[in-house]
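Each chain gets a letter, A, B and so on, in the order its sequence line appears, and its residues count up from 1.
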Amino acid sequence: MRSRGTRPRWRAGAGRTPTRSRRCSRRWRRAAAAAAPPPAAVHAHAVKLGLGGGAHVGSALVAAYASGGDGAAAARALRAAPTPVAWNALVSGHTRAGRHGEARRAFAAMVRAGAAPTRVTFVAVLAACGKARDARLGAQVHARVVGSGAVLLLPPPGAAKVENALLEMYAECGDMGSAWRLFDGMRVRGVVAWTSMVSGLARAGRAGEARGLFDRMPERDTVSWTAMIDGYVRAARFREALEVFREMQYSGARADEFTMVSVITACAQLGALEMGEWARVYMSRQGIGMDVVVGNALIDMYSKCGSIERALAVFKDMHRRDKFTWTNVILGLAVNGYGEEAIDMFHRMIRVSEAPDEVTFVGVLTACTHAGLVDKGREFFLSMTDTYKIAPNVVHYGCIVDLLGRAGRIAEALETIDQMPMGPNATILGTLLAACRLHGNAEIGESVAERLLQMDPGNSVAYILLSNMYAKSNKWEDVRRLRQAIMEKGIKKEPGCSLIEMNGVIYEFVAGDRSHPMSKEIYSKLEEIITGLKNTGYVPDITEVFVEVAEEEKQKVIYCHSEKLAIAFALLSPESNSVIRIVKNLRMCLDCHNAIKLITRVSVPSALNDQLLMVDGQQYSIEIILAVTLDIGLSLVVWSKAIFYGTAAFG
DNA sequence: ATAGGGTTAG
């Protein structure tokens, strides 16, 4: 028998599963609702035909008004024909419109009016409780369900929906204990219930247990596979998410838009551009459509992979755009160093009347930071409350502190921190400390570090930045004192870790890593590179070494930083990609920055190098195009996520 | 009129 993984492509679309067709019908209904004439017109027409008072028309109108978001009209239509079906239509219509508060109030009103809820009502109100995280009402509804016998008296197929809705409600509210009890007691445990448990566990931060349950599922469909993939994405276990996607393909289950959004999100977080591109090709081959959410995820993926051109190409191709589309493209431009363009994009967003939200403003403020537009940033910050009625949160204050701090306006940044209504958190103090280090302001730096350590005594970032600051101003006595304290308190810094994708495989290197099977070759390649650099005048910069070791040891520490290992690994491979892209968890250290710059100088004809070398105004953000030989254009993009936020430590 | 999975910051 031919294995499923190698079945011919032309069969890939054959044999629709029931799930697939159910989804299609759901989508069709959604599309039909969008294309339908406004409920008011239908209503008028029905009255003209003398059908205005009929119970069927009445409940259909309630449903149409409520799911269209017109609660007042829905309530009027209900008063005209207050049948049980119309009440159900009101509750479920509100739920469908995403107005969970309205749905819960409608349920309460229904009970007060003395109308008996049916299982349709229960299903709708439970969904609303789950989405709104309203466990209290959820439990009350549960009691009513039990009292009404909706579960026990009904034959299993009808009861299953109510039971599943209850289970899902508890899972969404994070009450996995109640969810488990229901799950264990179910007479019929279908794929829906299993899937609710899997995603509930994953949402509760229990991805391992979710996987255990997933592996025990008697049957898996598109939705369950997607739930598991997304579960790993939520747990920040992106490589495992992609691994499950691979297993899904072998299993013969079909992926859809939902699956691909989770896959693309995983690629985005890994900086796995190759894999992300492949996902897109896979979609078109499999006939999976591109909806807004997929487009939004693609924009984010390309931006995080440093390919703003491709992000913009997706943006241009999208015929429907929403708040996420605009926000993602603004963030992408800002983070890739196109501050002015990001601000232009924001103005375009306002022009098409898409309402910005708090995340949009994070993008706008980041853009101002990158473009060095301090006053404009402040204006935008003020406009949040004045014009857009959005209360700034800690993150926005963090942006302002970063904006002022990077511009060297340390005193104003400090003032901002002291005026924050919610008070600073450790992240913001770290941002200010980084600014102090950047501008060599030791006085404020010291007091900020003190505050930061008071708030979070084990904060390694504070020690590292402070130590870097002392080293920069040659205060070696202070550096030594600090390192002593670090040793005594046993403070450990987060290990530096770099990811690199080679031919569709994602490799991870931590500092000093020797776990790669080709470790020996990697280190000797690295040595070869370093020797080459030294011949052209490279001097290792050990001022940022955090650990207390002898001078010669410090060089060794620096040589095995994770990004250097990743670069050596990439240059080692004869089948090396034309683009080498490294994603790192921490900011690059000064030595890696210098070394990488030199690697390109050594290997690149200088004219080409000068033309293409781009530093985005900050000394740590690099995009270098590297040609190893005259005839092979090899581009090396070293991009650290941490570059763009002023708080990360070095390593 | 009816149950499960998707996107942005820190």
Side-chain angles (χ1 to χ4, degrees), chain A residues 19 22-23 26 29 56 59-60 62-63 66-67 84-93 95-96 118-124 126-127 130 157-169 171-172 190-200 202-203 220-231 233-234 255-265 268 291-301 303-304 322-332 334-335 356-363 365-366 393-399 425-428 430-431 644-645 647:
Chain A
T19 313
R22 188 180 53 79
R23 262 217 61 78
R26 200 193 283 173
R29 224 182 297 135
H56 281 288
S59 61
V62 173
S67 52
V85 176
W87 275 110
N88 287 340
L90 186 68
V91 178
S92 65
T95 301
R96 253 209 303 180
T118 68
R119 63 178 194 274
V120 175
T121 334
F122 289 137
V123 167
L126 285 169
K161 282 186 185 169
V162 183
E163 283 191 295
N164 287 334
L166 275 167
L167 176 55
E168 173 65 12
M169 182 275 294
E172 283 220 90
V191 64
V192 174
W194 282 91
T195 305
S196 287
M197 287 302 293
V198 167
S199 66
R203 259 197 304 263
R220 297 174 198 88
D221 63 12
T222 300
V223 180
S224 4
W225 280 103
T226 305
M228 191 63 245
I229 294 168
D230 183 59
V233 171
R234 280 170 195 273
D256 66 5
E257 291 88 334
F258 286 65
T259 321
M260 297 317 290
V261 166
S262 291
V263 169
I264 293 165
T265 305
D291 59 23
V292 214
V293 186
V294 172
N296 295 344
L298 281 172
I299 290 175
D300 180 51
M301 186 269 293
S303 316
K304 286 202 164 72
D322 63 11
K323 190 176 75 178
F324 287 82
T325 320
W326 291 98
T327 300
N328 287 0
V329 87
I330 288 167
L331 274 163
V335 127
D357 70 5
E358 47 188 11
V359 185
T360 317
F361 277 99
V362 173
L365 296 175
T366 307
N393 64 28
V394 204
V395 182
H396 300 111
Y397 278 96
C399 289
N425 59 14
T427 311
I428 292 197
T431 303
F644 305 106
Y645 311 103
T647 56

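- Residue A/S224 is in base contact, counting any heavy-atom pair closer than 4.0 Å across all strands shown.
- Using a 4.0 Å heavy-atom cutoff across all strands shown, A/N88 reaches at least one base atom of the nucleic acid.
- Note that OG of A/S262 is 11.0 Å distant from CE of A/M228, once rounded to the nearest 0.5 Å.
- Contact annotation: side chain of A/T226 to base of B/dG5, donor-acceptor pair present below 3.5 Å.
- Between the CG atom of A/L166 and the P atom of B/dG4 there is a distance of 12 Å, given to the nearest Å.
- Distance from the side chain of A/S92 is smallest to B/dA1 among B/dA9, B/dA1, B/dG4.
- For A/E358, the side-chain atoms get nearest to B/dA9 when compared with the rest of B/dG4, B/dA9, B/dA3.
- A side-chain donor-acceptor contact under 3.5 Å links A/N393 to the backbone of A/H396.
- Rounded to whole Å, atom C1' of B/dA1 lies 8 Å from atom CZ of A/R96.
- Taking the side chain of A/V395 as heavy atoms from C-beta on, and the options B/dA3, B/dA9, B/dA1, the nearest nucleotide is B/dA9.
- Counting non-hydrogen atoms under 4.0 angstrom, A/N425 reaches nothing in the nucleic acid.
- Rounded to whole Å, the distance from CD1 on A/I264 to C1' on B/dT8 is 15 Å.
- Base engagement by A/T327 is indicated by at least one non-hydrogen atom pair under 4.0 Å involving a base atom.
- To the nearest 0.5 Å, the span separating CD on A/E168 from CD on A/E163 amounts to 14.0 Å.
- Whole-Å rounding puts the A/D221 CG to B/dG5 C1' distance at 9 Å.
- A/T325 comes within contact range of no nucleotide atom at all, as no heavy-atom separation falls under 4.0 Å.
- B/dG4 atom P lies 15 Å from atom CD of A/E163, rounded to whole Å.
- Within the structure, every side-chain polar atom (N or O) of A/K304 is placed at least 4.0 Å from both OP1 and OP2 of B/dT7.
- The separation between A/W225 atom CH2 and B/dG4 atom C1' is 16 Å, rounded to whole Å.
- Side-chain proximity of A/N164 to B/dT8, B/dA3, B/dG5: nearest is B/dA3.
- Here A/R234 reaches the OP1 or OP2 of B/dG6: one of its side-chain N or O atoms lies under 4.0 Å away.
- In the interface, the side chain of A/D256 is not paired with the base of B/dG6 through any donor and acceptor atom under 3.5 Å apart.
- Counting only heavy atoms from C-beta on, A/V362 has its side chain closest to B/dA9 among B/dT8, B/dA1, B/dA9.
- Contact record, A/G363 with A/A334: O-CB, 3.6 Å, taken as the closest heavy-atom pair.
- Considering A/V294, A/D300, A/V293, A/V233 as possible partners of A/I264, the one that fulfils the side chain to side chain contact (heavy atoms under 4.5 Å, CB included) test is A/V294.
- For the pair A/N296 CG and B/dT8 P, the interatomic distance rounds to 9 Å; values are reported in whole Å.
- As judged by a 4.0 angstrom heavy-atom cut-off over every strand, A/V292 is placed among residues making no nucleic acid contact.
- Looking at the side chain of A/D300, the nearest of the listed nucleotides B/dG5, B/dG4, B/dT8 is B/dT8.
- Contact annotation for A/V191: base contact, defined as any heavy-atom pair under 4.0 Å involving a base atom.
- Within the nucleic acid shown, A/V123 comes within 4.0 Å of sugar-phosphate atoms alone, with no base atom in reach, counting heavy atoms only.
- For A/S262, the listed nucleotide lying nearest its side chain is B/dG6; candidates were B/dG5, B/dG6, B/dA3.
- Set against B/dT7, B/dA3, B/dA1, the side chain of A/A160 has B/dA3 as its closest nucleotide.
- At distances below 3.5 Å, at least one donor-acceptor pair connects side-chain atoms of A/N328 with backbone N or O atoms of A/N296.
- Here B/dA9 presents its P atom at 8 Å from CG of A/N328, a figure rounded to the nearest Å.
- In this structure, the separation between OG1 on A/T121 and CG on A/L90 is 10.5 Å, given to the nearest 0.5 Å.
- When the nucleotides B/dG10, B/dG6, B/dA9 are ranked by their closest atom to the side chain of A/D291, B/dG6 comes out on top.
- The nucleotide whose nearest atom lies closest to any side-chain atom of A/A165 is, among B/dA9, B/dA3, B/dG6, B/dA3.
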